[in-house]
Amino acid sequence: MAFSLLSVPAILFALAACVLGEKHTVTFENNCGYGTPRLIQGPEVLSTGEPYTSDGPLYSVIAYVFLFIRECGYDGIGCSLVETSLINPKCPGCGSSSDISLIPPLAYSVPVDFTYYGGCDGLGATCSSADCETAFFDPDDNEVQVACQDDDVNLKITFCPNGTTGFHTTALPAATSTNTEKERLAHISRRIPHMKRTPN
């Protein structure tokens, strides 16, 4: 097969376009009648309810609705939590993964639902009670993860789907600490090996 050095820049440009072109959007719908959605990655608040679009892979973000009548810790402690990594797959099983987590010190606060769109359309999970079968209660509950192997997939997160609040009033755990944050990140990495925090 004929090959010319003139084709090298075109190949490099195409490869760069594939990498730079990866985007993922997280959108919110809050039907609870109160509270503010938050999308957090490490120390950074990416969104307080407005759509967020990443320029490249979106690793290890969490989402919850901050309730004025029930305080959530910065990393979602005391509330229903969605965890996700949105990634174009580079190998079988290396794509996006999302889940709902109620692993203590997280706790059920409101019903929550997530759904992929722009790929794996309609695939997702809903948790409408403190004992739902679609959420993590233990770091080893890997069967509740919802994976997607499509490129440029997006995620819609809905709090109080169908307008049902189901507000839960159990006592909150103690305030967050560095150790608690480390424990949360540790159980995420054990469940989802490809999920990682972005470099500082």
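The nearest pair of heavy atoms linking F159 to F28 is CE1-CD2, 3.8 Å. Residues H24 and N88 share a closest heavy-atom pair of CE1-OD1, 3.3 Å. Taking each heavy atom of V26 and I157 in turn, the nearest pair found is CG1-CD1, 3.9 Å. Of all heavy-atom pairs spanning S60 and S85, the tightest one is N-OG, 2.8 Å. The minimum heavy-atom distance linking A147 with Q149 is given by the pair CB-NE2, 4.2 Å. Nearest heavy atoms, E22 versus L86: OE2-O, 4.2 Å.
Two residues are said to be in side-chain contact when any heavy atoms from C-beta on lie closer than 4.5 Å; I40 and Y64 meet this criterion. Looking at heavy atoms from C-beta onward, T126 lies out of side-chain contact with T134 at the 4.5 angstrom threshold. V65 has its side chain out of reach of Y34: every pair of non-hydrogen atoms, C-beta onward, lies at least 4.5 Å apart. Side chains of L102 and S80 form a contact here, defined as non-hydrogen atoms less than 4.5 Å apart. With contacts defined as side-chain heavy-atom distances shorter than 4.5 Å, the pair F114/V146 qualifies.
Taking CZ of F137 as the reference point, atom CD1 of I100 lies at 9.5 Å (rounded to 0.5 Å). For the atom pair OH (Y52) and CG (L46), the distance works out to 4.5 Å, reported to the nearest 0.5 Å. For the atom pair CZ of R38 and CG of L81, the computed distance is 13.0 Å after rounding to the nearest 0.5 Å. The CZ atom of F66 sits 12.5 Å away from atom OH of Y74, with the distance rounded to the nearest 0.5 Å. Note that the OH atom of Y116 and the OG1 atom of T84 stand 5.0 Å from one another [nearest 0.5 Å]. Atom CG of residue D121 and atom SG of residue C148 lie 8.5 Å apart, to the nearest 0.5 angstrom.
For E29, the CD atom counts as densely surrounded, since its 6.0 Å shell holds more than 12 non-hydrogen atoms of other residues, nucleotides or ligands.
Side chain of D152 to main chain of G118: no donor-acceptor pair is present (N/O by atom type, distance under 3.5 Å, no hydrogens or angles).
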T27/Y117 under side-chain contact (heavy atoms from CB on, under 4.5 Å): CA gap, chis, key distance, verdict: CA-CA 10 Å; T27 57; Y117 67 97; 3.2 Å; yes

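Cluster annotation: L58 is connected to L123 through the hydrophobic network of ILVMFWY side chains, with a link wherever side-chain heavy atoms come within less than 4.5 Å.
Exactly one of V45, T48, V61 qualifies for a side chain to side chain contact (heavy atoms under 4.5 Å, CB included) with L39. That residue is V61.
A donor and an acceptor atom, one from each side chain of D99 and S101, are nowhere located under 3.5 Å apart.
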